[in-house]
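Working notes, beginning with the structure itself.
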Amino acid sequence: MHLRAAALLFCLLSVPFWAGAQVDSVLQEAPFRGSTADYQMSPDSLDAPVDYQARDSMDIDLANQQMRLYGAAEVNYQQISLKADFITLDYGTNLVRAAPYPDSAGVLVGDPIFSDGGQEFSAKSLEYNFKSRKGIVKETVTTQDDVFVRGGKSKFVSGAIQTNDSTRSDVIYTEGAIFTSCSLEHPHFGIRTQRAKIVPNKLAIIGPSNLEIMGVPTPFWLPFGFFPLKSGRSSGLLFPSDYQYSPQWGFGFQGIGWFFPLGEHVNLTATTDIYLNGTFTINTATSYRRRYKYNGNANVSYRRLITESTVEQGLQDVVASGISIGWTHRQDPSAHPTFTFGGSVNFQTDLVDQRFINTYEAASTNVIRSSMNITKTFPKLKSTLTAGLNHSQNNQTRQISVNFPDAQFQTQTIYPLRNLPGSARKWYKKLAIRYGNQLRTEFAAIDSSFFTPQTLTDARYGFQQDATASLSLNVLKYFNVSPNMSYSEVYYGKTIDYFLDTSTVKTRTELDEDGNPFSDTTSFASINDERFNPGIASFRNFNAGVSVSTQLFGKVLFGRRGVFGLKGIRHVLKPTASLSYQPDNRDAVDFISGLPYFIARSTVDPQRGDPKLFVSPFDGQIFGEPTRTEGNLGISYSLSNLFEAKVYSRKDSADQIIKLFQNIGVTGRYQLSADSLRWSPINVNGSTRLFKGLSQVSLRAQFDPYVSSYNERTRQVNRVNRTTLSERGVPVQLSSFNATISTSLTVDKFRELFQGQEEEFVTDVVEERRQRREEQATLFEETDFLSLFENFSIRHTLNFRLDREVAVEEGTRDTLRFNTTANSIELRGALQLTENWSVNIGQIGYDFTSKRITYPYLSFARDLHCWEMRFSWAPQRNTYQFSIAVKPGTFDFLEVPVNQNRYDGQRQFGR
């Protein structure tokens, strides 16, 4: 158990003492009512009349100047209000007494509820003097948020001290009080104090206090306390939220620090995790918000880890450190009509999150990404400018890539001739143009060397701009003809300079048959490149073409009754043909730098360079390099197919349309300007959904009209100018086939599949949430067994390939090799076994390809009313966490934790 009684009392006494139970201020119809203004009062009586009322009866004793009210009684004096089922008002002595009253069954009901200027509490009995403004109460119960304060006996004085020029505050003296978040009359735990003096919303002074569990005092004491009590934000100490023990790290505290309110809109929290062996973490968390403007948070952590490693001399400490940075900023949609700024930044070094944090999310995250952008829209120019920072970090390869600055300008589709006189259907008014440019800079390196001068030296940067123009014409009513043209330019600040590296030449001296020495070259000179050739250089691309598209419909009907419910099949075919042209750029030269687009390898290496192979000064740049073409003129074609079926539904007695295949596409190209291999490989892809969306199937295949052969000299497989029809008697042959079948099963989909439930669309979010709460409240009254697995999902992924392997030896046949690239199943979800027991499966699965269990993460929880027992286990990392703790809230730092981190688990595995 934590030695943190001071933390509990600090959180506890930071709330108003008199914030009591809420009651209905509207009483039932009270036939008995009146006011002391109706009676002759003495000169030394109260300054204002006392109003009273009761529901059942009222007794007035004029001789003793007393009045007794029964049933839903209420007494009001200025801003003071008292409610109870039995009230005695002694208007001679200005005393009022209140207590519960037995009902018809003899049960005491109607406890007194006292309210003074918005401060309210309930009690078992109460006595108050309106004149002296002092009172005595017994067994008070007050609440503030999740905190219950149960006092044995209290004395309070209304308006005892002057807090400012216009406000006076009460002073409360209480004894035998217990502070707890347990709502039971006899709480399971709490902080018991015998003496306390409290000025609500100002300060509290308490005497000796100790932690009490199940009514049994514990030896954890606090001798005294002096605490400021202020509503709203205030600076203060944050006591540890948890403590840990590790065989490697020793004892440790987590979450100890300080809270700083910085102005009206910003909060700063600085905490640290400390272990005795020197391992520590420093965390700063900042949150900010301006209403109708923006909100966000920023987190910076520095982690220093000390672990033991085995060396020849024995155990040796290994020190590792790293930082993690996170920033999220959101702009309110109403802040500005044309300007937005927002995004998120996530960055870490040395895999600090995976090293320190044992959660499944931290362990399974392979890529960390960041994106922070500014967007400015120019309505009059019909364009948008976006600039910002993009970042990606691979936790497997530890490669970091940062794009900054990264800016893009893009216009909308502009119709420059639309405003000319004439009919709106004129063809020239459909002319559409678009313009865009982009500036990109990329810094890339391994995380251990990212912040070095070499990263700046290796940076890639460039500028690209492009413009497109197109028309959309309707020809012969059923054909859409679209001429188009595009032009682009790319500019770089440095290029690659190729040279022949003679340092790779190696020779050895041997003896011939006559014993004479001779030199034999074992490795030759190689072409190398130097990327640090500064200077502006550019290249250009131009394309022009025209495309024609239409739609064809076909259907097959099977009569009015159909065949086994199938009444017809509908086929929609969307063919498209495009003629495109790209000019010859084999001998193109940049007019700025004078560099050719392509350099033959024989130019760099005259002796061994292949004149048919080329290198480019723009190779490896951020926008790529130009594509070498010999005057590219060709026709591209595509066939998009949709198959639908009309079936008869017995449930609705109506016909339904079902998509058999959502899309089957065929694409390819015929190269008119080529002297050989004019036909490109034919790509076929398709996708569909089975079992009402339970399974998603994606298919991809490639067919080649030419044969391929193995070149012994280059040891590569190349297409040759011989068709499969002439060689093998078939128009095309299968080159590769890839299929992916993904199945996701949930209870909702299971019911929809086997019980015929239709998909629901939520229109009223509030009503939907209310219904869900009702369903959760009646979960254990349901007889449907599937309701227990409502939050479970099972996902299976199967991916396999079929590839053609070209025969290496003459006279042998090609073979088709089948390969399963992925075959895995995983289970996730939460299971509510009983009202108090729940089991959570973060993930557990099996990879049939690698034959191993994929990262399992299991946990369960037991509700113990105001306490909660939790256990989580990640066997693959050999870590676990067990705790019995107070439920989340003011007292959630009261817990008994037992856990094992990944480093202690690794030591056990090592043994």
Side-chain angles (χ1 to χ4, degrees), residues 378 381-386 406-418 426-440 461-475 479-492 536-550 574-593 595-598 614 616-638 640 665 667-674 678 680 683:
F378 303 94
L381 297 178
K382 296 183 179 180
S383 58
T384 302
L385 174 64
T386 302
D406 194 343
Q408 182 177 6
F409 177 81
Q410 182 67 58
T411 66
Q412 303 174 10
T413 302
I414 301 174
Y415 299 90
L417 306 180
R418 176 167 289 183
K426 292 293 184 179
W427 66 268
Y428 55 82
K429 291 192 175 185
K430 298 180 181 180
L431 176 64
I433 61 174
R434 296 191 70 178
Y435 171 79
N437 59 51
Q438 187 175 7
L439 172 67
R440 293 189 63 189
Y461 47 89
F463 176 79
Q464 180 186 45
Q465 62 177 349
D466 58 82
T468 61
S470 63
L471 271 173
S472 180
L473 307 174
N474 184 265
V475 179
F479 295 91
N480 294 321
V481 180
S482 300
N484 59 83
M485 181 178 61
S486 65
Y487 175 79
S488 65
E489 292 181 338
V490 177
Y491 294 86
Y492 292 129
I536 301 297
S538 63
F539 65 88
R540 280 146 291 282
N541 288 315
F542 175 79
N543 291 279
V546 60
S547 65
V548 181
S549 64
T550 187
K574 299 179 181 179
T576 301
S578 302
L579 175 66
S580 62
Y581 170 74
Q582 187 175 4
D584 189 347
N585 66 349
R586 290 174 297 176
D587 299 325
V589 177
D590 176 28
F591 67 88
I592 296 178
S593 62
L595 291 174
Y597 286 12
F598 309 99
F614 296 85
S616 174
F618 309 102
D619 183 29
Q621 297 281 30
I622 198 167
F623 290 115
E625 59 183 293
T627 302
R628 190 172 184 271
T629 59
E630 302 176 3
N632 191 340
L633 178 64
I635 299 176
S636 299
Y637 60 89
S638 68
S640 178
T667 60
R669 182 175 175 83
Y670 181 76
Q671 197 74 15
L672 295 171
S673 58
R678 293 186 173 183
S680 71
N683 297 305

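This structure is a prediction, so every number in the text was calculated from the model and none was measured.
The backbone N or O of A588 lies less than 3.5 Å from no partner atom in the side chain of N585, so there is not a single donor-acceptor pair. Remark: side-chain polar atoms of S673 are paired, donor with acceptor, to backbone N or O of G631 under 3.5 angstrom.
Residues L417 and K429 share a closest heavy-atom pair of O-CG, 3.4 Å. Of all non-hydrogen atoms in R628 and F614, the two that sit nearest each other are NH2-CZ, 3.2 Å. Across every non-hydrogen atom of F618 and Y492, the tightest pair is CD2-CD1, 3.6 Å. Contact record, P416 with L431: CD-O, 3.5 Å, taken as the closest heavy-atom pair. Across P617 and L595, no two heavy atoms sit closer than the pair CB-CD1, 4.2 Å. For the residue pair T627 and F598, the shortest heavy atom distance occurs at C-CZ, 3.7 Å.
Two residues are said to be in side-chain contact when any heavy atoms from C-beta on lie closer than 4.5 Å; S593 and I536 fail this criterion.
L633 contributes atom CG, which lies 5.0 Å from atom CG of L672 (distance to the nearest 0.5 angstrom). With values rounded to the nearest 0.5 angstrom, L471 atom CG is found 8.0 Å from S482 atom OG. Rounding to the nearest 0.5 Å gives a distance of 8.5 Å between CG of N541 and OG of S486. Annotation: the span from E630 atom CD to Q671 atom CD amounts to 9.5 Å, rounded to 0.5 Å. Expressed to the nearest 0.5 Å, how far CG of L385 lies from OG1 of T411 amounts to 12.5 Å. Taking OH from Y435 and CG from D466, the interatomic distance works out to 8.0 Å, rounded to the nearest 0.5 Å.
No side-chain donor-acceptor contact under 3.5 Å links E625 and Y597. For R669 and S636, the side-chain atoms include at least one donor-acceptor pair closer than 3.5 Å.
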Self-check item: Residue pair N484, T468: steps toward the side-chain contact (heavy atoms from CB on, under 4.5 Å) verdict
Solution: CA-CA 7 Å; N484 59 83; T468 61; over 6 Å; no
Quiz item: Between Q410 and R434, is a side-chain contact (heavy atoms from CB on, under 4.5 Å) present by the stated rule, with each step listed?
Solution: CA-CA 8 Å; Q410 182 67 58; R434 296 191 70 178; 3.6 Å; yes
Practice problem: Walk me through it: do D406 and Q438 pass the test side-chain contact (heavy atoms from CB on, under 4.5 Å)? | Solution: CA-CA 8 Å; D406 194 343; Q438 187 175 7; 3.9 Å; yes
Practice problem: Under the side-chain contact (heavy atoms from CB on, under 4.5 Å) rule, what do D590 and R540 come out as? Steps first, then yes or no, please. | Solution: CA-CA 9 Å; D590 176 28; R540 280 146 291 282; 3.1 Å; yes
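At most 12 non-hydrogen atoms from other residues, nucleotides or ligands lie less than 6.0 angstrom from CZ of F479. Within 6.0 Å of atom NZ in K574, 12 or fewer heavy atoms from other residues, nucleotides or ligands are found, so the atom counts as exposed in its surroundings.
With S547 as the partner, the side chain to side chain contact (heavy atoms under 4.5 Å, CB included) test is satisfied by one option alone out of S638, S578, S580, S470: S578.
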